[in-house]
Amino acid sequence: MPSVPERYFAASDAALRGTRPTWWGAVVADDRFPDLYDLNHAKVSAEATDLTLAEVVAELEPPLRAAGSRHLQIVLLRPDAAPGLVEEATRRGLASSDDTVMELRGDAPAPADVGRVQPAEPGPELWEVLERSYREFDVTHPEVTEQLLRWNREVLAPRGRRYYLARREGRVAGIGALQVAAGIAYVDDVVTFPEHRRQGVASSIVGRIVRDAAGSGAAATFLLADEPGPIRLYRRLGFEDAGTIRTLLGPAPWVSGGRA
């Protein structure tokens, strides 16, 4: 049976214009958002021991060219299923990074001050806070920021994405989001702004999101974490390690200077 992330991403990719299945997974692309890596890439989910980089590029190049994307990103939902591809891509100079899949097991402890976290309606304040939060992820390129905001305004919010703002002393201290697809809840984009850190803001945001995810009837709740600090936090809130997602990233070989 597909894992929780596989089921979630298969459903959420339906929001993109250019999703196409392959024998080893899928190619996703969207010409509305060419600079967003997570919307234009190859996703490997099947057992594919003999899969080569050339095979992936052959499937990925036409839709990414059409979308105007200039990067090569391969997401492995089960890294051990395609060891040859990982080895070859690394040898060719693609950067490799891992996200820890964390799944809620049982009931998460609800922080006492979860009430200070409230849902936010789409509008000027939310988009301004969301734009500010991207800088905490080192997203600073204006075109990338603009595409991220449009992705949220035009696609995610109409598909039911819920946003949450935490406030301290009348100021927005943090933000988080909840998306449900295929009965799976995904906790995303949790950010505490620097001047409010170590005050329990992230715990309050995740606690509220988890509570609402349970109320939505979701069969499972998960998130992705890539740094030790957040991983420790999420473990305290009832999440457990449930696997790894590996991302391979580099310049597209169809763009001048690409190496793959």
Validation row: Leu53, Leu85 side chains within 4.5 angstrom (heavy atoms): yes
Reported OG1-to-CG distance for the pair Thr19 and Asp13, which is rounded to 0.5 angstrom: 4.5 Å
Salt-bridge present (Arg70, Glu143; N to O < 4.0 Å): no
Student check: side-chain heavy atoms of Glu128 and Glu131 closer than 4.5 Å: no
Minimum-distance pair of heavy atoms, taken over all atoms of Phe193 and Gly174: CD1-N, 3.9 Å
Under 3.5 Å donor-acceptor, Arg208 side chain and Val117 backbone: yes
Residue pair Pro34 / Ala67: nearest heavy atoms and the distance that separates them: CB-O, 3.2 Å
Glu103 and Arg7: CA distance, side-chain angles, deciding distance, salt bridge (charged side-chain N to carboxylate O under 4.0 Å, His left out) verdict: CA-CA 13 Å; Glu103 189 175 343; Arg7 288 150 57 197; over 6 Å; no
Rounded distance (nearest 0.5 Å) linking atom CZ of Arg198 with atom OG1 of Thr192: 10.5 Å
Flag side-chain contact, heavy atom, 4.5 Å: Trp127 against Asn152: yes
Gly176 to Ile209 - nearest heavy-atom pair and separation: C-CD1, 3.9 Å
Nearest-0.5 Å distance that lies between atom CG in Leu16 and atom CH2 in Trp151: 4.5 Å
Same apolar cluster (I L V M F W Y, side chains within < 4.5 Å links), Ile175/Tyr164: no
Side chain to side chain, Leu233 and Phe239, heavy atoms closer than 4.5 Å: no
Side-chain heavy-atom pair Ser204, Arg116 within 4.5 angstrom cut-off: yes
Side-chain donor/acceptor of Arg150 to backbone N/O of Arg32, under 3.5 Å: yes
Derivation of the side-chain contact (heavy atoms from CB on, under 4.5 Å) call for Arg159 and Gln179: CA-CA 8 Å; Arg159 290 175 67 88; Gln179 192 87 37; 4.1 Å; yes
Salt-bridge present (Arg171, Glu195; N to O < 4.0 Å): yes
Test item: His41 side-chain N/O and Tyr37 main-chain N/O as donor-acceptor pair under 3.5 Å: yes
Linked, directly or transitively: Leu126 and Val139 (ILVMFWY side chains, under 4.5 Å): yes
Given Val75, Asp226, Leu223, the one that forms side chain to side chain contact (heavy atoms under 4.5 Å, CB included) with Asp99: Asp226
Aromatic ring pairing Phe222/Tyr8, orientation class (parallel under 30°, perpendicular over 60°, tilted between): perpendicular
Separation between CZ of Arg65 and CH2 of Trp254, rounded to the nearest 0.5 Å: 7.5 Å
Hydrophobic cluster identity match, Leu51 and Leu72, side-chain contacts under 4.5 Å: yes
Interatomic spacing from OG in Ser97 to CG in Leu248 - rounded to 0.5 Å: 8.0 Å
Side chain to side chain, Asp189 and Arg161, heavy atoms closer than 4.5 Å: yes
Nearest heavy-atom neighbours spanning Ala58 and Pro62: O-CD, 3.3 Å
Pair Phe9-Asp38, side-chain contact (heavy atoms from CB on, under 4.5 Å): steps then yes or no: CA-CA 11 Å; Phe9 289 125; Asp38 289 345; over 6 Å; no
Within-4.5 Å side-chain heavy-atom neighbours: Phe33 and Val155: yes
Closest heavy-atom pair and its distance - Leu64, Val28: CD1-O, 4.0 Å
His71 (side chain) donor-acceptor with Asn40 (main chain) under 3.5 angstrom: yes
Same cluster (ILVMFWY, side-chain, under 4.5 Å), Ile74 and Trp24: yes
Over 12 foreign heavy atoms within 6.0 Å of CD, Glu146: yes
Taking every non-hydrogen atom, the tightest pair across Ala120 and Leu165: CB-CG, 3.7 Å
Leu178 and Asp188: CA distance, side-chain angles, deciding distance, side-chain contact (heavy atoms from CB on, under 4.5 Å) verdict: CA-CA 6 Å; Leu178 167 65; Asp188 195 17; over 6 Å; no
Validation row: Ser216, Arg162 side chains within 4.5 angstrom (heavy atoms): yes
Sidechain-backbone polar pair: Glu55 side chain, Thr52 backbone, donor-acceptor under 3.5 Å: yes
Within one Ile-Leu-Val-Met-Phe-Trp-Tyr cluster: Leu60 and Leu94, side-chain cutoff 4.5 Å: yes
Criterion side-chain contact (heavy atoms from CB on, under 4.5 Å) on Asp35 and His141, from CA distance to verdict: CA-CA 10 Å; Asp35 297 313; His141 193 285; 5.8 Å; no
Spacing of Arg78 atom CZ and Glu6 atom CD [to the nearest 0.5 Å]: 5.0 Å
Passing option when Asp241 is tested against Arg235, Arg232, Arg105 for salt bridge (charged side-chain N to carboxylate O under 4.0 Å, His left out): Arg235
